[in-house]
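Remember, it's 1-based here, ligands and their atoms both numbered in the order they're listed.
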Amino acid sequence: MKLVFATNNAHKLQEVSAILGDKVELLSLKAIGCNDDIPETADTLEGNALMKARYIHERYHCDCFADDTGLEVEALNGAPGVYSARYAGVAHDSEANMQKLLKELNGKENRKARFRTVIALILDNKEYLFDGIVNGEIVKEKRGGSGFGYDPIFVPEGETETFAELGEEKKNLISHRARAVQALQEFLNRG
Ligand code: IMP
């Protein structure tokens with residue numbers, strides 16, 4: 001089965017491909033000749049994932065899926081959530097995003113947070129949503145050097161190390177993205 005994954009992030013493509021296995025041939029946006037900056041202007045993860053998948057489906061008429069991820073912090077009513085990439089204003093400035101989050105949580109007892117990934121799949125013209133969650137908490141200072149985004153300040157439930165200390169291999173076994181992709185894989189295997 002051929003599926004387009006609406007990303008050009010080689011890292012994500014490889015991570016997802018490893019979970020989906022041989023039965024699924026994953027194609028990147030580049031592979032189908034799409035160089036567009038696909039809009040993601042919805043105010044929910046579900047909305048953004050669907051927006052990206054529909055964008056590809058409408059133009060390329062292929063089976064495809066897209067993902068969107070956010071860090072949801074309980075004491076901040078779910079923020080930064082869908083705005084995780086640009087929490088501090090500038091997109092993808094991880095250092096500024098982490099500093100802002102640590103400041104917002106300063107003095108707060110409740111440090112509970114969760115990463116949530118939503119995948120929107122369009123298969124045979126039908127839409128499906130899957131999600132993957134990893135619960136944990138935000139530590140007071142950054143620890144560890146691997147990963148990206150908020151990894152240095154997030155400790156998943158049952159662990160004492162941050163995602164950035166655990167390392168990519170271990171993180172990828174338990175991450176929100178891995179769980180969402182596993183849900184997708186189970187669905188594809190059933191069909
Ligand atoms: P995206 O939807 O995968 O692009 O993720 C949106 C934003 O959420 C990223 O820019 C990061 O700030 C954050 N994020 C997503 N996944 C992770 C992760 O696995 N670790 C840390 N931060 C993440």
Can we say [X] and [Y] salt-bridge, meaning some charged N sits less than 4.0 Å from an Asp/Glu carboxylate O?
X	Y	result
E95	K142	yes
E161	R143	no
D131	R179	no
K170	E159	yes
K112	E137	no

With heavy atoms of [X] as the reference, note each atom of ligand 1 found under 4.0 Å away.
X	value
H176	16 (N), 17 (C), 18 (C), 19 (O)
H92	10 (O)
K171	18 (C), 19 (O), 20 (N)
G149	21 (C), 22 (N)

With distance as the sole test, does R116 use its side chain to make a donor-acceptor pair with the main-chain N or O of G70 at under 3.5 Å?
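No, because the side chain of R116 does not come within donor-acceptor range (under 3.5 Å) of the backbone of G70.
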Mark yes or no for whether N172, through its side chain, and E169, through its backbone, hold a donor-acceptor pair below 3.5 Å.
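Answer holds: no.
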Would R177 count as a contact of ligand 1 if the rule is a heavy atom under 4.0 Å away?
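Yes; R177 lies near enough to ligand 1 that a heavy-atom distance drops under 4.0 Å.
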I need the nearest protein heavy-atom contact for [atom]: residue, atom name and distance, please.
atom	value
atom 8 (O) of ligand 1	S84 CB, 3.6 Å
atom 20 (N) of ligand 1	D151 OD1, 2.6 Å
atom 22 (N) of ligand 1	Y150 N, 3.1 Å
atom 6 (C) of ligand 1	T69 O, 3.4 Å
atom 14 (N) of ligand 1	F148 CE1, 3.9 Å

Under a 4.0 Å heavy-atom limit, does F115 contact ligand 1 with its side chain, its backbone, both, or neither?
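The part of F115 near ligand 1 is the side chain, not the backbone.
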For ligand 1 and D68, I'd like to know whether there is a polar contact (N/O to N/O, distance under 3.5 Å).
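Right, the criterion is met.
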Contact (N/O only, under 3.5 Å) between K12 and ligand 1:
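Yes, since at least one N or O of K12 sits under 3.5 Å from an N or O of ligand 1.
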Heavy-atom nearest option to atom 9 (C) of ligand 1, drawn from A85, A164, G70:
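It is A85 whose heavy atom sits nearest to atom 9 (C) of ligand 1.
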Taking every non-hydrogen atom, the tightest pair across K52 and A66:
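Of all heavy-atom pairs spanning K52 and A66, the closest is CB-CB, 3.5 Å.
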If every non-hydrogen atom of N8 is compared with every non-hydrogen atom of K30, which pair is closest and at what distance?
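Taking N8 first and K30 second, the nearest heavy atoms are OD1-N, 2.9 Å.
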